[in-house]
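Here's the structure, in structure tokens; my notes come after.
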Amino acid sequence: MFSSLRFRLLVTLMLVAVVGLGVAALLASRGTITQFGRYLQRGATMRRDRFEALLAGYYARNGDWSGVQPLVDQIAQISGDRIVLTDGQGIIVADSEDELVGEQIGRDWSQPSATILRGSVPVGSVYVSPTGRPRGPFEEAYLDSIRNTLLWAALAGALAAVVLTLLLSRRILAPVEALTSAAGQMAKGDLSQRVEVRSKDEIGDLGQAFNTMADGLTRLEDLRQNMVADVAHELRTPLSNIRGYLEALRDGVMDPTPDKLDLIYSQAMLLNHLVDDLQELALADAGQMKLDLQWVHPEEIVTGAAEAIRPQAEANGIALQVDLPDTLPLLNIDHRRIGQVLTNLLKNALTHTPSGGDITVTAKASETELEISVTDTGEGIPPENLPHVFERFYRVDKSRSREMGGAGLGLAIAKHLVEAHGGSIGARSEQGRGATFTFTLPTTSVQQDAPSEPQGAGNHQPIGDTTV
């Protein structure tokens with residue numbers, strides 16, 4: 001309990017509220033006392049000015065201080081202070097306590113509160129005893145009521161803060177508790193868990209991120225299950241064909257003619273290609289894919305891949321065009337791997353382009369990268385499928401067989417190979433109007449040390465092996 005987030009949040013908010021209210025009450029109390037003191041001081045000053053006027057008027061009427069004692073007593077009763085009045089020579093002529101009359105004013109008295117003048121000649125001074133009462137009982141009672149009011153207000157505020165803290169902590173932590181519960185269920189294998197997002201603050205962002213993560217995990221789990229099923233299916237098909245042919249040959253049902261052996265060989269090659277593709281992906285996932293980096297002319301790789309696929313394109317009635325600029329920068333790449341990327345993209349375009357369509361390969365270079373694009377005029381890719389085309393075993397058309405659409409590994413392998421070279425790959429499409437697959441390769445860092453005469457695409461000068 002004491003280590004829970006709810007308890008710590010509750011204690012923290014309570015401490016903040018108590019400290020804040022305590023500081024506010026203290027400052028309010030001190031400010032009230034200070035301002036009240038100033039108010040009393042201003043009132044005392046005004047009264048003393050009036051008392052000074054009374055004494056000055058008394059002297060003006062009588063010409064001396066004889067008989068002034070009753071007036072001084074009256075002033076002392078009004079002010080609550082001890083009042084001492086001296087003449088011009090410092091002799092005490094009146095004392096509200098009737099003790100020092102006739103004596104010389106002592107040095108322990110402070111400066112006079114007022115000096116009474118006749119013309120410009122001082123004829124008397126008024127002293128207020130330093131032992132005088134600063135505040136009366138009414139003033140003290142008023143200040144006590146202020147302190148009590150502030151104390152009760154602070155206690156009421158602290159109680160309200162506790163109640164609000166309990167309510168707010170429950171409201172704040174409820175989504176966190178829901179996330180914790182959902183995460184616990186997901187840890188047990190229930191990937192259907194989602195949380196309801198009710199706010200647009202950080203907690204809402206956290207809930208949205210959790211739901212996105214759950215969607216991703218669900219999709220990955222679906223892909224994993226589909227991959228297992230697809231691998232089993234892709235392996236079963238050629239193996240079943242090979243087994244059937246071999247059983248027929250063994251039983252004498254079929255003669256081992258060259259055509260039959262070619263069929264068995266083609267099925268074995270299909271099986272071999274699938275295993276090679278899976279091994280490529282396994283090496284990429286494990287970071288063990290090796291690149292044989294060499295300086296090459298990229299146009300040689302592009303034209304080589306295009307010419308290799310051209311007979312199949314012509315047989316299908318598809319026009320294959322290569323549109324390259326006059327010069328392209330040298331690249332320090334694995335020419336075999338990049339050739340595999342282009343071959344996979346061209347085969348993918350060939351699969352999805354009908355007879356009479358076009359496939360175009362283009363390239364353009366900037367100061368930092370070379371961009372190569374493969375564009376077809378096929379059926380295009382639906383928007384909901386476009387983000388997933390580079391996932392392994394993913395087919396836009398689920399009805400396609402391996403012979404028609406492949407195992408769904410070519411684009412995934414192309415993505416790994418391009419990223420292994422420090423580049424990026426993407427696709428854009430408008431359904432019904434074809435698709436364009438584009439990948440980039442960095443050029444800036446490799447141009448500084450590029451040889452002036454590379455040895456060509458078929459016999460490159462090796463720079464070294466790189467494991468990615």
Side-chain angles (χ1 to χ4, degrees), residues 18-157:
V18 170
V19 171
L21 289 171
V23 171
L26 178 62
L27 293 177
S29 176
R30 294 180 64 88
T32 301
I33 293 174
T34 300
Q35 293 299 325
F36 187 67
R38 292 176 179 174
Y39 168 76
L40 294 178
Q41 184 65 36
R42 287 195 298 268
T45 301
M46 294 175 64
R47 289 195 301 272
R48 287 170 184 171
D49 290 342
R50 290 197 298 269
F51 297 155
E52 178 185 354
L54 289 174
L55 292 172
Y58 180 89
Y59 189 89
R61 289 192 302 271
N62 295 278
D64 56 23
W65 295 113
S66 58
V68 76
Q69 183 65 44
L71 180 58
V72 171
D73 292 338
Q74 183 181 4
I75 292 174
Q77 291 177 359
I78 295 174
S79 65
D81 296 323
R82 181 181 182 180
I83 306 299
V84 174
L85 176 65
T86 65
D87 60 13
Q89 288 74 38
I91 303 300
I92 297 174
V93 297
D95 180 3
S96 60
E97 295 186 2
D98 200 19
E99 294 179 355
L100 303 177
V101 177
E103 299 182 8
Q104 184 74 30
I105 191 70
R107 294 183 178 181
D108 56 339
W109 289 77
S110 61
Q111 293 296 321
S113 300
T115 300
I116 301 172
L117 302 175
R118 186 171 185 179
S120 58
V121 178
V123 296
S125 298
V126 179
Y127 292 85
V128 178
S129 173
T131 59
R133 178 178 54 82
R135 289 191 293 265
F138 295 105
E139 290 85 353
E140 291 292 345
Y142 174 77
L143 291 177
D144 288 340
S145 67
I146 292 294
R147 295 190 190 97
N148 292 333
T149 300
L150 290 174
L151 176 61
W152 283 109
L155 292 176

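Computed over heavy atoms, backbone and side chain alike; hydrogens, waters and symmetry mates excluded. Here the structure is a predicted model, which is why all the values come from computation and not from measurement. When a residue number appears, it is its place in the shown sequence, counting from 1.
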Interatomic spacing from [atom1] in [X] to [atom2] in [Y] - rounded to 0.5 Å:
X     : Y     : atom1 : atom2 : result
Gln74 : Leu54 : CD    : CG    : 8.0 Å
Ser96 : Gln69 : OG    : CD    : 7.5 Å
Leu85 : Ile91 : CG    : CD1   : 12.0 Å
Ile92 : Thr86 : CD1   : OG1   : 7.5 Å

Testing the 3.5 Å rule here: is there a donor-acceptor pair between the side chains of Asp73 and Gln77? no
If you apply the rule side-chain contact (heavy atoms from CB on, under 4.5 Å), what do you find for Ile75 with Leu55, and how did you get there? CA-CA 10 Å; Ile75 292 174; Leu55 292 172; 4.1 Å; yes
Mind listing the closest non-hydrogen atom pair of [X] and [Y] along with its distance?
X      : Y      : value
Asp95  : Leu100 : OD2-N, 3.1 Å
Ser120 : Leu117 : O-CD2, 4.4 Å
Glu103 : Glu99  : OE2-O, 4.2 Å

Any side-chain heavy-atom pair from Val126 and Ile116 closer than 4.5 angstrom?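 In short, these two side chains touch, coming nearer than 4.5 Å.
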Are any side-chain N or O atoms of Gln104 and backbone N or O atoms of Gln89, one a donor and one an acceptor, separated by less than 3.5 Å?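 Side chain of Gln104 to backbone of Gln89, a donor-acceptor pair under 3.5 Å: yes, one is there.
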Can you label the angle between the Trp65 ring and the Tyr58 ring as parallel, tilted or perpendicular, going by 30° and 60°?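 Parallel.
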Test side-chain contact (heavy atoms from CB on, under 4.5 Å) on Ile83 and Tyr127 and set out the steps. CA-CA 6 Å; Ile83 306 299; Tyr127 292 85; over 6 Å; no
